[in-house]
Participant: 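One structure coming up, written as structure tokens, with questions to follow.
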Amino acid sequence: MEQNIAKNLRNIQDIIGESKSRSPYKQDVTLVAVSKTVDVDKVKQAIDFGICDFGENKPQELVRKYDVYPNVRWHQIGTLQKNKVKNIIDKAYLIHSVDSIELCEYIDKKAKSIEKIISCLLQVNISEEISKHGFIYNDMLENVKIISEKYTNIKVDGLMGMAPYLEEKEKTRIYFKRMKELFENINSKNINNLKLRNLSMGMSNDFDIAIQEGSTIVRVGTSIFGERIYI
Ligand SMILES: *Cc1c(COP(=O)(O)O)cnc(C)c1O
């Protein structure tokens, strides 16, 4: 993988532009650069290029990088443990990985304690065979109703989903279609006047297809920063 971050970003922006033109929804798309495990000097290169949104998996890493670059938007995209909510509650611009009512309860409580409304995406488990995380697809209407009614310091901003990793990436399309269907279905029900705005789906392997199917936020790591080295 090419280590030239600016070149990679230019390439990704081209693909995003091209995919948007092939989407029937004509939506805006935000690129979240997934900087998990990546050093802050590389984050700096992406900031210099003009990227304003970064995604992290681990709350402690989000906090560490937030302290270095507090003026970009830090997205919590990975599974969030309840006991870590307090660390990121005043730092995360958007939490993509809200996957249980219990977690909502914690986020709402911590948000109330700092008198803030926190924007969240509800993670839907669309690849049940692979991931354990996320709400069950068929329970979503009910969950959206409960969450939007009960947790007044949570703003349900949209949905997040992950397609399984498939070598033949055209096969991911069906998962994104299902997410978009759910998104439209929820919005058509006008639950507590809730209007979902964002659909976070698409990663390095499949963000072009996700955008064609209506994604408004793509979370791309490897194609920007190269293969991750886990220590
Ligand atoms: C790591 C990660 C990504 C980015 O994956 P790449 O394949 O490196 O683009 C996106 N979303 C989540 C939730 C992740 O954990």
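Positions are given from 1 along the sequence. Atoms within each ligand, like the ligands themselves, are counted from 1 in listed order.
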Participant: What protein heavy atom sits nearest atom 5 (O) of ligand 1, and how far away is it?
Facilitator: Met203 CE, 3.4 Å
Participant: Does anything in residues 44-65 pair up under ring pair (Phe, Tyr, Trp, His ring centres under 6.0 Å), and if so which pairs, sequence neighbours excluded?
Facilitator: Phe54-Trp74
Participant: Do Met203 and Ile211 land in one hydrophobic cluster if side-chain heavy atoms of ILVMFWY residues count as linked below 4.5 Å?
Facilitator: no
Participant: List ligand 1 atoms under 4.0 Å from Gly221, heavy atoms only on the residue side.
Facilitator: 4 (C), 6 (P), 8 (O), 9 (O)
Participant: Looking at Lys42 and Phe225, what are the two nearest heavy atoms and their distance?
Facilitator: O-CE2, 3.7 Å
Participant: Considering only the protein, which heavy-atom contact is closest to atom 1 (C) of ligand 1, and what is its distance?
Facilitator: Lys36 NZ, 1.4 Å
Participant: At a 4.0 Å cut-off, with the gap strictly under it, does some heavy atom of His96 reach an atom of ligand 1?
Facilitator: no
Participant: Number the atoms of ligand 1 from 1 as they appear, then name those within less than 4.0 Å of a heavy atom of Val220, with their elements.
Facilitator: 9 (O)
Participant: Judged by modelled atom types alone, do Asn198 and Thr216 share a side-chain donor-acceptor pair under 3.5 Å?
Facilitator: yes
Participant: Can you name the atoms of ligand 1, numbered from 1 with element, that are less than 4.0 Å from a heavy atom of Thr222?
Facilitator: 6 (P), 7 (O), 8 (O), 9 (O)
Participant: Could you tell me if any non-hydrogen atom of Asn205 lies under 4.0 Å from any atom of ligand 1?
Facilitator: no
Participant: For Lys58, check side chain to side chain contact (heavy atoms under 4.5 Å, CB included) against everything at least two apart and list the hits.
Facilitator: Gln60, Glu61
Participant: Out of Ser204, Ser97, Gly55, whose heavy atom sits nearest atom 9 (O) of ligand 1?
Facilitator: Ser204
Participant: Is it the case that the side chains of Asn125 and His133 hold a donor-acceptor pair, with the cut-off being a distance below 3.5 Å and no angle test?
Facilitator: no
Participant: For Glu102 and Lys82, what are the C-alpha separation, side-chain angles and deciding distance, and is it a side chain to side chain contact (heavy atoms under 4.5 Å, CB included)?
Facilitator: CA-CA 8 Å; Glu102 215 188 346; Lys82 295 183 289 285; 3.6 Å; yes
Participant: Considering only non-hydrogen protein atoms, determine which one is nearest to atom 4 (C) of ligand 1 and report residue, atom name and distance to 0.1 Å.
Facilitator: Arg219 O, 3.6 Å
Participant: Note the single closest protein heavy atom to atom 12 (C) of ligand 1, along with its residue, its atom name and the distance in Å.
Facilitator: Ile77 CD1, 3.5 Å
Participant: Which atom pair, heavy atoms only, marks the closest approach of Ser200 to Arg219?
Facilitator: OG-NH1, 2.9 Å
Participant: Quick one: does ligand 1 sit under 4.0 Å from the side chain of Asn57, the backbone, both or neither, non-hydrogen atoms only?
Facilitator: side chain
